Amino acid sequence: SLGAPADIDKLSLAEQAYVIQLKAELRQLEAKFANPLAEAVGKKRDAAPVGNAGPPEKKARRSTFGKKFQLVCETRHLKFADLCVQVVKKYSSQFGTCDLYVTDYTENRDIWYYAPPEEQDGKERDGDDYGYSKQPKRAWPGPYGWLVLKVNVKDPHGQLVNTKVDEGDFVLLRNVKMKIMAEGAKLEGDMWRDNDNPSKINVVKLLNQDKPEIQELITRKEKYWAKRLAQHPPQPNESTKPSKSEKKRQKKQKQQEERAKTAADAARVAERNKHVRCSNEEALLMSVKDILDLDNARHTNTLPNGTSYILPFVNTQYRTKAHVVDYEPKSLGDFAVPPIPDCNEEPSPIDAMEWDVSQKYEWYFSLCLEDPSPAKARTPAHADTVKPRMWVHVRHEDAQFLFGNDMDDPQDLRTSPHLLAKLREKLCILWGNLEEKGGEGEGVASNRPFECCVQEYGIELEEEDPERARVPFGYKKLFRLFGATIL
DNA sequence: GGTTACGGT
């Protein structure tokens with residue numbers, strides 16, 4: 001954007017500085033009109049400091065650290081700021097100088113972008129074209145994205161940092177001068193000796209975490225990791241070589257699993273609804289109980305610092321064999337609905353004129369699934385043991401797949417008795433006489449378990465939703481049925 | 001209310 005290389009060279013330092021400043025200010029403007037804290041932790045309101053403090057650019061926010069306090073997302077080129085941050089990484093060098101990599105889990109697009117592992121294409125092999133050296137660098141521990149600020153710390157501050165500050169510590173960095181060195185470079189912080197006050201040290205190690213700024217930081221941090229780990233569960237690390245005995249054990253376990261799988265395959269074919277076909281035949285079946293993970297065995301994460309917490313959801317797909325014990329809505333006539341208008345989408349004037357949305361219908365219903373009872377246990381004595389139930393949503397596309405090609409597109413079922421009859425016929429194959437029993441399938445005899453795929457996902461609940469307080473980080477775990485077809 | 005690089009992220 002600067003023009004031909006020859007012209008770039010002609011730009012004086014002053015001109016370059018001017019360009020940098022303009023760009024930084026442009027960013028500032030953009031940020032003001034977009035999200036104040038952008039996508040660091042998801043949507044806008046996720047990132048707002050807790051306790052109704054409001055967006056950070058509101059001048060009204062007071063900090064216990066004083067008026068110069070800023071979040072990393074607020075810092076700008078050539079401005080001075082007091083930062084309350086956690087140390088992610090520290091590179092010390094001999095001469096009382098050191099590089100601190102810090103974060104408060106707010107996003108600033110002018111700082112260095114740390115690509116998450118899934119974005120790294122492995123091409124940066126660091127002069128090691130053949131990959132001889134196994135791990136050239138220690139993998140970046142995160143956080144990823146535009147969340148980590150580099151601060152160049154010099155004496156006398158460097159003294160203290162070198163000796164007293166460790167990775168993971170919370171620190172207050174006073175009077176950090178922000179700067180972008182050159183066009184294309186990243187926003188960094190500088191802490192140099194104060195010429196008027198040469199012995200003044202502007203680094204304060206914060207020993208307890210009771211400051212509201214630290215509490216808010218930790219909240220953002222947990223939110224970031226919960227979301228990150230839900231969407232990108234850490235891959236089992238191949239580089240850690242298992243020992244010989246460990247390998248043996250793994251092999252044995254694999255054999256056992258395979259044998260169990262073969263047995264399970266035989267058993268599941270023996271008793272399943274053969275009129276329902278399900279894709280991903282090779283995937284292991286998981287019980288409703290295990291998918292629900294009521295004790296959160298698969299939904300607990302432990303951070304590098306040892307604190308653990310419950311993940312609201314994990315982006316995963318399962319395959320299960322279950323039977324339908326209930327459904328929603330209660331009347332089959334309501335299984336097709338006019339599409340819910342997407343509030344986020346600008347209504348297209350063309351759409352509005354061309355056709356009336358109310359003419360269009362979509363499948364939309366939910367099924368309640370339960371693990372099949374073992375054949376022996378189907379006695380009154382065992383019948384009353386409460387089994388976990390899982391509601392799965394059936395969205396339009398998945399319903400079309402479920403009903404197969406011989407099913408017409410949905411319409412208003414109240415005025416299309418033919419389609420309603422066809423729907424009833426299909427569902428009878430799926431759930432037997434459940435509808436006759438009026439839902440709530442207690443002791444539904446003719447209801448054979450069928451196989452289907454289930455996707456776990458999460459949605460963020462509205463601020464006003466009373467349920468929000470009861471789910472981790474405001475996210476609710478939901479399930480969607482897919483991959484099954486009624487033959 | 002301010003300059004001091006390199007390389008690395």
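Each chain gets a letter, A, B and so on, in the order the sequences are listed, and its residues count up from 1. Everything numeric here is computed off the predicted structure, so don't read it as measured data.
- Between Y91(A) atom OH and dC6(B) atom P the separation is 19 Å, expressed in whole Å.
- Shown here are the side-chain contact (heavy atoms from CB on, under 4.5 Å) partners of N208(A), two or more places apart in sequence or in another chain: D210(A).
- Remark: T163(A) engages no residue in a side-chain contact (heavy atoms from CB on, under 4.5 Å) (not counting sequence neighbours).
- Whole-Å rounding puts the M181(A) CE to dT4(B) C1' distance at 8 Å.
- Between the side chain of K68(A) and the base of dG1(B), a donor-acceptor pair under 3.5 Å is found.
- Every residue meeting the side-chain contact (heavy atoms from CB on, under 4.5 Å) condition with C453(A), not counting sequence neighbours, appears here in chain and number order: C278(A), S279(A), N280(A), R319(A), F482(A).
- What separates CG of D99(A) from P of dG7(B) is a distance of 13 Å, to the nearest Å.
- Using a 4.0 Å cut-off between a side-chain N of Lys or Arg and a carboxylate O of Asp or Glu, E451(A) and K321(A) do not qualify as a salt bridge.
- The ring pair (Phe, Tyr, Trp, His ring centres under 6.0 Å) contacts involving residues 283-314 of chain A comprise Y309(A)-F473(A), F313(A)-Y475(A), where partners must be two or more places apart or lie in separate chains.
- A heavy-atom distance below 4.0 Å to DNA chain B is reached by these residues of residues 185-198 of chain A, ordered by number: D190(A), W192(A).
- Here dA5(B) is the nucleotide among dA5(B), dT9(B), dG1(B) with the atom lying nearest to any side-chain atom of K154(A).
- We find that CD1 of I180(A) is positioned 19 Å from P of dT4(B), with the value rounded to whole Å.
- Evaluation of the side-chain contact (heavy atoms from CB on, under 4.5 Å) rule for K200(A) yields N197(A), N202(A) as partners, not counting sequence neighbours.
- In this structure, NE2 of H157(A) is placed 17 Å from P of dT4(B), rounded to the nearest angstrom.
- The side chain of Y101(A) lies closest to dT9(B) when the candidates are dG1(B), dT9(B), dA5(B).
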